[in-house]
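Proteins come first, then strands; the chains are lettered A, B, ... in the order of their sequence lines, and each starts at number 1. Bear in mind the structure is a predicted one, so any value in this text is a computation, not a measurement.
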There are 2 protein chains.
Amino acid sequence: MESQKSYQPSYPTSARNQVKRRHDRGFYDHATVHRILDSSMMCHVSYVIDGQPYCTPTFFWREGTKLYWHGSSASRMLRNQAKGERVCLTVAHLDSLVLARCGFNHSADYRAVMAFGTAYLVTDPVEKERAVVAMVDRFFPDRTASLRASNVQEIKATSFIAMEIEEASAKVRAKGVADDDEDYELPIYAERIPVRTVLGAPEPCPRLLDGVSRPATLNVYSEGRLLEDALRDAYFVEYPNG
Amino acid sequence: MESQKSYQPSYPTSARNQVKRRHDRGFYDHATVHRILDSSMMCHVSYVIDGQPYCTPTFFWREGTKLYWHGSSASRMLRNQAKGERVCLTVAHLDSLVLARCGFNHSADYRAVMAFGTAYLVTDPVEKERAVVAMVDRFFPDRTASLRASNVQEIKATSFIAMEIEEASAKVRAKGVADDDEDYELPIYAERIPVRTVLGAPEPCPRLLDGVSRPATLNVYSEGRLLEDALRDAYFVEYPNG
């Protein structure tokens with residue numbers, strides 16, 4: 001049995017995922033990578049068909065060191081990836097616009113993850129059944145139990161794609177204005193403009209039946225909250241062990 | 001001379017950019033595609049190195065039917081693309097989370113553009129000089145004139161990449177809850193949760209010299225505004241003809 005030790009699990013690095021520029025902005029530990037992933041519902045997936053790269057925005061979720069996404073069985077991306085294609089799945093959060101005292105120091109604060117792996121079509125019935133639930137419950141805990149059950153045609157028409165994260169890197173900038181030393185002497189205005197992605201007031205479907213009200217499990221999605229806080233809260237209800 | 005006519009310029013369609021699923025969500029006209037692009041500062045660029053796809057988040061701007069982005073001359077993406085590589089540049093806006101009465105009708109409202117083309121390194125000195133200004137002034141109109149001028153080393157160390165949009169498609173969902181007809185009879189809660197990306201209060205650099213104040217040109221970036229509204233306003237100040 002492994003002895004207790006202070007151990008920070010990390011993704012391996014290679015020429016592929018090593019942050020080449022601004023090494024100080026690169027992180028590979030699971031905690032940093034997963035937190036950035038779990039703060040987002042949307043990712044961008046890159047894949048190649050006949051030498052042409054595609055970049056498709058889609059929804060995804062994480063289970064351990066695996067990432068899942070889905071779509072119609074007929075979709076181009078999934079048809080291609082079912083064969084076991086190399087993909088890169090990226091998540092980026094924009095945190096601020098940074099206006100500096102010279103053009104090239106204009107920047108932004110951000111948090112981004114690039115995750116690399118080989119995508120595979122989920123064909124194992126148990127894994128697919130779990131994915132049908134997780135695609136909803138990861139975002140809205142326990143919701144599946146209250147829904148009209150998915151039917152055979154719906155499940156058949158939907159492909160789930162999964163990818164074990166083989167390599168991943170996080171890149172974070174969080175320092176606001178950072179000018180060249182001598183430029184601070186200049187009478188030039190500089191600032192940081194924060195950017196936040198927030199939830200609006202929920203809009204109940206106008207066709208709700210009488211007596212049907214918002215379940216308490218949706219309380220994490222309340223007006224004015226940061227989307228990323230709601231998503232992380234929901235994640236930890238569904239996956240308490242992270 | 002061409003006669004005046006009602007003409008909606010559009011991007012050509014091919015197997016590459018034709019929206020395959022949900023045809024009703026696909027648009028190819030310049031107006032729709034450009035509006036989605038100009039509402040964003042950040043894009044994701046996909047490119048291929050030795051068969052491995054990469055998906056890199058970066059800042060970009062549009063000039064007519066060309067897209068520009070930049071980075072250090074040393075960056076992996078730009079070194080690769082300088083050779084004239086196929087790329088796909090994607091922008092996506094998340095507008096709401098949609099909770100339906102069954103799992104597979106859970107969705108989101110969104111606006112996304114995928115733009116395809118061949119990236120090239122900007123080597124023409126006039127085009128590069130214009131890009132050095134546009135990378136700032138497209139977002140912050142007239143700002144370059146007030147900054148410490150870019151020096152030769154900075155310009156040399158930065159590569160600009162440009163791409164003529166050969167094909168592009170926009171995909172838009174904006175309908176909130178859309179359940180199967182018979183599911184509206186069920187006592188299940190459904191809603192749309194709006195998502196908005198907004199500006200916080202600007203944070204002036206703590207090292208501003210006495211008497212240096214925020215220029216009026218930054219007024220479009222005011223607390224509480226939608227980021228996309230500010231970006232589009234700024235765009236039309238700098239490019240009044242769209």
Side-chain angles (χ1 to χ4, degrees), chain A residues 16 20-21 42 44 46-48 52-55 57 72 74-76 86-88 90 92 94 99 101-104 106 112 114 132 136 140 144 146-148 150 154 158 177 183-184 186-200 202-205 207 209 212 214-215 221 227, chain B residues 16 20-21 42 44 46-48 52-55 57 72 74-76 86-88 90 92 94 99 101-104 106 112 114 132 136 140 144 146-148 150 154 158 177 183-184 186-200 202-205 207 209 212 214-215 221 227:
Chain A
R16 199 149 40 215
K20 301 281 188 305
R21 300 186 50 240
M42 192 166 69
H44 286 71
S46 284
Y47 52 100
V48 189
Q52 169 69 50
Y54 291 81
C55 180
S72 156
S75 99
R76 172 175 54 195
R86 296 294 306 171
V87 300
C88 173
T90 296
L94 178 63
L99 291 80
R101 292 168 177 81
C102 71
F104 285 103
H106 277 64
M114 293 171 74
V132 168
V136 171
F140 311 112
T144 296
S146 72
L147 299 176
R148 190 263 290 155
S150 299
E154 287 173 327
T158 305
V177 176
D183 288 348
Y184 286 101
L186 299 171
I188 298 172
Y189 184 77
E191 71 178 11
R192 174 183 179 275
I193 306 175
V195 173
R196 296 189 184 94
T197 299
V198 297
L199 304 173
E203 299 168 359
C205 175
R207 295 175 65 180
L209 297 190
V212 172
R214 195 175 205 237
Y221 292 91
L227 170 63
Chain B
R16 199 150 38 216
K20 299 282 188 308
R21 298 188 52 241
M42 191 166 70
H44 286 72
S46 283
Y47 52 99
V48 189
Q52 169 69 51
Y54 291 81
C55 181
S72 156
S75 99
R76 172 176 55 193
R86 296 294 306 172
V87 300
C88 174
T90 296
L94 178 63
L99 291 81
R101 292 168 177 80
C102 71
F104 286 104
H106 278 64
M114 292 172 74
V132 168
V136 172
F140 311 110
T144 296
S146 72
L147 298 176
R148 189 263 289 158
S150 298
E154 286 173 327
T158 305
V177 176
D183 289 348
Y184 286 102
L186 300 171
I188 298 171
Y189 184 76
E191 71 178 12
R192 174 183 179 275
I193 306 175
V195 172
R196 296 189 184 92
T197 300
V198 298
L199 304 173
E203 298 168 0
C205 176
R207 295 176 64 180
L209 297 190
V212 173
R214 196 176 202 236
Y221 292 90
L227 170 63

*asked:* Please classify the contact of V136(B) with chain A as side chain, backbone, both or neither, using a heavy-atom distance under 4.5 Å.
replied: side chain
*Residue V195(B) versus chain A: region with a heavy atom under 4.5 Å*: both
*Is any side-chain heavy atom of S146(A) closer than 4.5 Å to a side-chain heavy atom of Y189(B)?*
no
*Residue part contacting chain B, namely of V177(A), when any heavy atom lies under 4.5 Å*: side chain
*Tell me, out of C102(B), C205(B), C55(B), who's got the most heavy-atom pairs with chain A below 4.5 Å.*
C55(B)
*Quick one: does V198(A)'s side chain get under 4.5 Å of V198(B)'s, heavy atoms only?*
yes
*Go through the atoms of H44(B) and report whether side chain, backbone, both or neither lie under 4.5 Å from a heavy atom of chain A.*
both
*Can you check whether Y221(A) reaches P202(A) side chain to side chain, under 4.5 Å on heavy atoms?*
no
*Between R192(A), M42(A), M114(A), which residue shows the highest count of heavy-atom pairs closer than 4.5 Å to chain B?*
R192(A)
*Please state whether the side chain, the backbone, both or neither of F140(B) comes within less than 4.5 Å of a heavy atom of chain A.*
side chain
*Which pair of non-hydrogen atoms, one from G200(A) and one from R196(B), has the smallest distance, and what is that distance?*
CA-NH1, 3.6 Å
*asked:* Distance check, rounded to the nearest 0.5 Å: R86(B) atom CZ versus R16(B) atom CZ?
replied: 4.5 Å
*Heavy-atom side-chain proximity of I193(A) to E203(B) below 4.5 angstrom*: no
*Can you tell which part of L227(B) gets under 4.5 Å to a heavy atom of chain A, answering side chain, backbone, both or neither?*
side chain
_A112(B), part contacting chain A, at a heavy-atom distance under 4.5 Å_ = side chain
*Side chain / backbone / both / neither for L209(A) at chain B, heavy atoms under 4.5 Å*: side chain
*asked:* Are P57(A) and T90(B) packed together at the side-chain level, in the sense that at least one heavy-atom pair is separated by less than 4.5 angstrom?
replied: yes
*Are I188(B) and R148(A) side-chain neighbours, meaning at least one heavy-atom pair lies under 4.5 Å?*
yes
_Closest-packed option against chain B by number of heavy-atom pairs under 4.5 Å, given V212(A), T144(A), L186(A)_ = V212(A)
